[in-house]
**Q** 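Here it is, the structure, as structure tokens.
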Amino acid sequence: MESIEIIGGRGTIGCKKVILEVENLTKHFPLRRGIKGKLASNSTSTVKAVDGVSFSIMKGEFFGVVGESGCGKTTMGRTILRLLEPTKGKIVFKNTDLIALNTGQLKKIRTKMQIIYQDPYESMNPRLDVYRIISEPLRVQRIVKNLHDAFPYIKEVLEDVNMVPPEKYMTRYPYELSGGERQRVAIARALVLKPDFIVADEPVSMLDVSTRGGILNLMLKLSRERGVAFLYITHDLATARHVCHRIAVMYLGKIVEKGPTDDLVKHPLHPYTKALIEAVLVPDPKKRGFGEVLKGEIPSPIYPPSGCRLHPRCPIARDICKEVEPKLMPVDNNRMVACYFA
Amino acid sequence: MNKYQLRVETGVMSFWKRYKGKPLGMIGLIIVIIYVFIAIFAPFLTPYSPKQILLADRIAAPLWFRYVIPKYNNAPQTVTIGFDSPLYEIKDMPVSHIIEYNYSAPKTFSLTFDCWVNAPFHSEAGFECLIKTPEGREYSLWGKSYSSDSDKQVVRIDSRDLGLKQRLGLTIFEDPASKIFSSRGDYSLIFRPNPGFGDTSTRLYISNVKLHIPGLVHGILGTDHMGSDLWTQLVYGTRISLVIGLSAAVISVAVGTAIGIICGYLGGVIDEFIMRAVDVFLAIPVLPILIILGAILGKSIWNIVILVSAFAWMNTARLVRSQTLSLRERIFIEAAKASGGSDIYIMSTHILPNVLPLVFASMVLLIPTAILTEASLSFLGFGDPRVATWGRMLHNARGFGAFTTLAWWWLVPPGLAITFLSLAFVFIGNTINEIFNPKYRERL
Amino acid sequence: MALLEVKDLKVYYKTLRGCVKAVDSVSLNIEKGRALGIAGESGCGKTSMAMAILRLLPVNGKVYGGLVMLDGVDILSMDDEEFRESVRWKRISMISQGAMNALNPVHTVGEQIIEAILTHEDVTRSEAVRRGNDLLEMVGIHPGRSKDYPHEFSGGMKQRIVIAMALSCNPDIVIADEPTTALDVMVQSQILKAIGDLRNALDLSLMLITHDLSIIAQTCDDIAVMYGGKIIEYGSVVNVYGNPKHPYSIGLLKSFPNIKAEKAPIISMPGSPPDLLSPPAGCKFHPRCPLAKGICLEKEPELAKVHPDNHRVACHNTDMLKKGTDIWNQ
């Protein structure tokens, strides 16, 4: 069993058990073609959404994955939960190889891993009320026999997400709730099975600013008090820095840098991380200025650049970057970076 | 859990609230309710059964023509005299019955009775049957002598019978009915023994006497070529049309929905295969195939229902499949999967309820298609000959000259009945679409 | 005199469930060459206000009162024809959030810019072509690409083209409604930089509408914070960010993590923005406000000056705030 010293935003967590280990995870989407393309299947081009990603998450850890849209972070989150079938790689969750599981075993282990989505309205069936939405996992997993038996669970979990009194919210429909309340219901649904691991895919980016803090603090509380590990997927480094113990930065399907949050934010090593941090605007009119950002935009993941994927945009790229892809190498103090010149 | 039921009810209520505001939808609903009412209370709306024939002359006009159209002022209504006179002894003869007849001359009449003789040997028993007009003229319709006991004989006299014309001394172009019943007043039907025949011990049995003078006007809508009541056919036809329309629509939509959801959700080879089958089915011209299959399988209502359903599920399947394809990508479906929901669970709990509004509207819109298909088949003569349907009424109307004689009371009612019922369902379907499926709003 | 002066503007929507007072007596000024940021969460009325100024409100929305003066001329009372001819696009133009997806996919971008110029101005085609190329160059797109179609550009490039189109008739004021919300952080940074550069070069006035306080901090001179259809705090960015007076503004600022400063806890305000169909009585913020007292529940506070530098706040409790207590300390 691997043990890692985590120095996170909230101080040392100490030696903890690994709950999830991802190794060389790869997800390629074949490009849709007509029948002709299917027949000549050996020459299919693919979207390389996730391309060989490895990391591990400890019990109770808040692990952030940060990247711009199209970097593959969302696909990665779903592939880890096997909501998408990985192309290759290894996912070990609580000592179980997820990829080897059959449908029945997978269903059973889903009680221990859940997901929270970006859009709390989209992630709930608009025809169901809060009670039914939250009780769904219980019923599907046959923890309760019928709707009625789910009541104590739902009451408890609604209280856990600060929706009090719970009875008031049970009969509401998603459209009758505000964005923050909807996201709380989404968290309640994820929590009702008492999971050990939750993938939170941009859980606050659709919410009003004034309600974001509440959701983030709620998730922090859950990880602290119940030891729930979070994979926090976001494009927003500022909130990631606020909640995460460790952060991995993704670019075009690859992790380019990984490390404890404060370390990574204060002393970014990879040119992409540097640019990403530079680009974050500061809500302070006295500190004006748009930092040096990378030129251009993310290239297509169908034809990623050779060598280091950042090299066409990288300010410090040299010849070797165009040819040989840098590996994610440990630097010091739990940090890893994939750059020759970092 | 009562709270939940309450919420569902409010859902239905809010649908009804919005539905109420749509005039076309309400018109459609009212029309359909009227039809359903007619179908349920058919036996109370007409005294006849649709299979009863000879209720009046063939292709009789509606009764109310007498009060509206001068030509029909005195048109005869059906007069039927019947009695079960078990037996007469000759000594009781002649027997006569008074027939009141107050109309202009009919086109035909018929008389039936049973008779037999129980006669002593060597006596000549016999009698004749005649009608005496109010003016006192007598028309002998039938006569027979017996020299021995006879078995029971069923006598049928029809005014169109050439033998009768001959007996009455008429040419074949003359019409006994109009000749005999040419005036109004009290006619007598007389059974009279042969003159000079006096053995009183002879017994003559006559029973089941029935004189039928079919009218030229009848009922609300007149009669068809068999003298069957058209109003009755129309009323009972409502039942058939509703049953066929509803059951074909329900079956085809159920099949289409199931196939659409399975194809859309599972995708892959099954989807590819079934969708190509749908293309094939859609390319088949429906009516000819239905005619051929109908001929092979036999003409029955349920065969028609099954055949119509078999060729009406494809559009629903496509519609549901495309809806399912977009639902499948919705995040709440993935969320259900993440909770461990199986494919069947997701299809039944999440996808089905979300396609139902669409399906419901398309089902309502399929009802008129089914009704019209059945009507077309029946009109072309491929319907069930044992039941009166609107299509069959039109078929008969065409076959027996209602078009050439402009017997509009035969042609128009079934046509209008089909039109209004179909239109009503279209109104309802469009209104439901308008409420549930906002994309359709623009089209109205 | 201010270039654009909005006075007591009221925009109401008639909906099936009642009247929504989306913008309720909003007054603001934009001087020549200044940039005003309008901050607020979804549903606070910031977009409705912009739409009302440009007369682009949906059919159920109407201006129920107030004045909009452009250079001292009331543009609200103009008839539609005159407004279209002389104000919209020529004096006030707009960059909206979805505009980059509204480019016509079947025309080249150059063609679309030229079209915009020719529609609004009486110039020859060659003049329009020349100006179109200048505009593209100005927003950082090589003029040679004017022959390309929208799908050949990335999201950020398309947004640059939209900006070029907004500038095509030399407007005095550009209203930018969430101009970078759909874009990634790096592209957002590039676009905002481009907008800032253009503003300096052309002496443009800008009204920038966003929910993101950091964008306003980086690009604007003044800020108006809106809540429930009203401006609740108004002043220069330095004053408002440095010394916010309204509990909502304070909370909002504390909701934004600052990656380049020491880590501070993110606060969360209880509740959610008001439902404008049935807004709370008195101060619209009182159900969420930690300082709410009797008068807040009854009387709606006026936007009053709290600082000589024209820093104005609509709150009954500004005195309490002076003590500098951390009201959102949870």
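As a basis for the values below, the full set of heavy atoms in this structure was taken, side chains included, without hydrogen atoms, waters or symmetry mates. By convention in this document, chain letters (A, B, ...) are assigned in the order of the sequence lines, proteins followed by strands, and residues within each chain are numbered from 1.
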**Q** Might you confirm whether atom NZ of Lys112(A) has over 12 heavy atoms from other residues, nucleotides or ligands at distances under 6.0 Å?
**A**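 Yes, because the 6.0 Å sphere around NZ of Lys112(A) holds more than 12 heavy atoms from other groups.
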
**Q** Taking atom CZ of Phe360(B) as the centre, report whether more than 12 heavy atoms of other residues, nucleotides or ligands fall under 6.0 Å from it.
**A**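 Atom CZ in Phe360(B) is not crowded, with 12 or fewer foreign heavy atoms closer than 6.0 Å.
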
**Q** Are side-chain heavy atoms of Phe332(B) and Arg127(A) found at a separation under 4.5 Å?
**A**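 A side-chain contact is absent here, since even the closest heavy-atom pair is not under 4.5 Å.
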
**Q** Have a look at Ser339(B) and tell me which of Arg110(A), Gln141(A), Gln114(A) forms a side chain to side chain contact (heavy atoms under 4.5 Å, CB included) with it.
**A**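 Exactly one candidate clears the test, Gln114(A).
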
**Q** Looking only at heavy atoms and a cut-off of under 4.5 Å, which of Arg139(A), Lys107(A), Glu122(A) has the most pairs with chain B?
**A**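 Most heavy-atom pairs within the cutoff with chain B belong to Glu122(A).
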
**Q** Side chain, backbone, both or neither: which part of Leu138(A) has a heavy atom under 4.5 Å from chain B?
**A**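 No part of Leu138(A) comes within 4.5 Å of chain B.
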
**Q** Could you pull out the closest heavy-atom pair between Arg189(A) and Ala335(B), with the gap in Å?
**A**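 Smallest heavy-atom distance, with atoms named: NH2-CB, 3.4 Å.
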
**Q** Ignoring hydrogens and geometry, is there a side-chain-to-backbone donor-acceptor pair from Glu334(B) to Leu83(A) under 3.5 Å?
**A**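 It does not hold such a pair.
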
**Q** Which pair of heavy atoms, one from Ala338(B) and one from Ile115(A), lies closest together, and at what distance?
**A**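 That would be CB-CG2, 3.6 Å.
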
**Q** Count the heavy atoms belonging to other residues, nucleotides or ligands that lie under 6.0 Å from CZ of Phe420(B), then report whether that count exceeds 12.
**A**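 Incorrect, the count does not exceed 12.
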
**Q** Locate the shortest heavy-atom distance separating Thr349(B) from Asn125(A); write the atom from each residue and the value.
**A**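 Minimum heavy-atom contact is O-ND2, 4.1 Å.
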
**Q** Inspect the surroundings of CZ in Arg276(B) and state if more than 12 heavy atoms from other residues, nucleotides or ligands are less than 6.0 Å away.
**A**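 Buried by this count: over 12 neighbours within 6.0 Å.
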
**Q** Measure across Ser123(A) and Ile331(B) and return the closest heavy-atom pair with its distance rounded to 0.1 Å.
**A**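 Looks like CB-CG2, 3.7 Å.
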
**Q** Quick check: are there more than 12 heavy atoms from other residues, nucleotides or ligands sitting under 6.0 Å from CD1 of Ile270(B)?
**A**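 No.
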
